[in-house]
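First up is the structure itself, then whatever we jot down about it.
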Amino acid sequence: MSKSGQKDKPFTIPKQLVWEAYKRVKANKGAAGMDRVSMGDFEKDLRGNLYKIWSAPSRAGGGL
């Protein structure tokens with residue numbers, strides 16, 4: 001699969017949608033989820049973590 005993943009996905013999730021969701025969680029001072037990753041830890045590799053969320057539906061099982 002290419003880095004963009006656009007052509008390999010069964011459906012497309014706009015990257016802008018993932019970015020907007022991240023901004024809303026940050027604005028609400030989102031807490032760590034099931035994975036116990038804090039916003040600070042998530043932001044240490046923000047680009048990579050947002051990419052993982054964006055590309056998750058194209059991976060087996062759709063999970064992270």
Side-chain angles (χ1 to χ4, degrees):
M1 174 171 50
S2 66
K3 179 74 172 173
S4 70
Q6 288 282 357
K7 294 181 177 118
D8 299 336
K9 288 179 153 189
F11 55 90
T12 302
I13 297 172
K15 289 180 182 177
Q16 186 65 30
L17 186 62
V18 174
W19 177 247
E20 292 297 326
Y22 159 74
K23 290 193 314 185
R24 290 196 332 223
V25 170
K26 183 168 176 72
N28 289 327
K29 300 187 184 341
M34 290 178 58
D35 58 4
R36 304 223 188 276
V37 175
S38 69
M39 286 299 291
D41 288 339
F42 185 86
E43 290 173 336
K44 287 178 184 175
D45 183 20
L46 181 60
R47 183 179 177 125
N49 286 322
L50 290 175
Y51 178 79
K52 287 177 194 174
I53 292 169
W54 173 75
S55 67
S58 68
R59 296 196 303 262
L64 299 175

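Bear in mind the structure is a predicted one, so any value in this text is a computation, not a measurement.
Considering CD of Glu43 and CG of Leu50, their distance stands at 9.0 Å, rounded to 0.5 Å.
Within 6.0 Å of NZ on Lys29 lie no more than 12 heavy atoms contributed by other residues, nucleotides or ligands.
Listed by chain and number, the residues in a side-chain hydrogen bond (donor to acceptor under 3.5 Å, both in side chains) with Lys44 are Asp41 (sequence neighbours excluded). Partners of Phe42 according to the ring-ring contact (aromatic ring centres under 6.0 Å, His included) rule, which considers only residues two or more places apart in sequence or in another chain, do not exist here.
Residues Leu46 and Tyr22 have side chains in contact (heavy-atom distance under 4.5 Å, counting atoms from C-beta outward).
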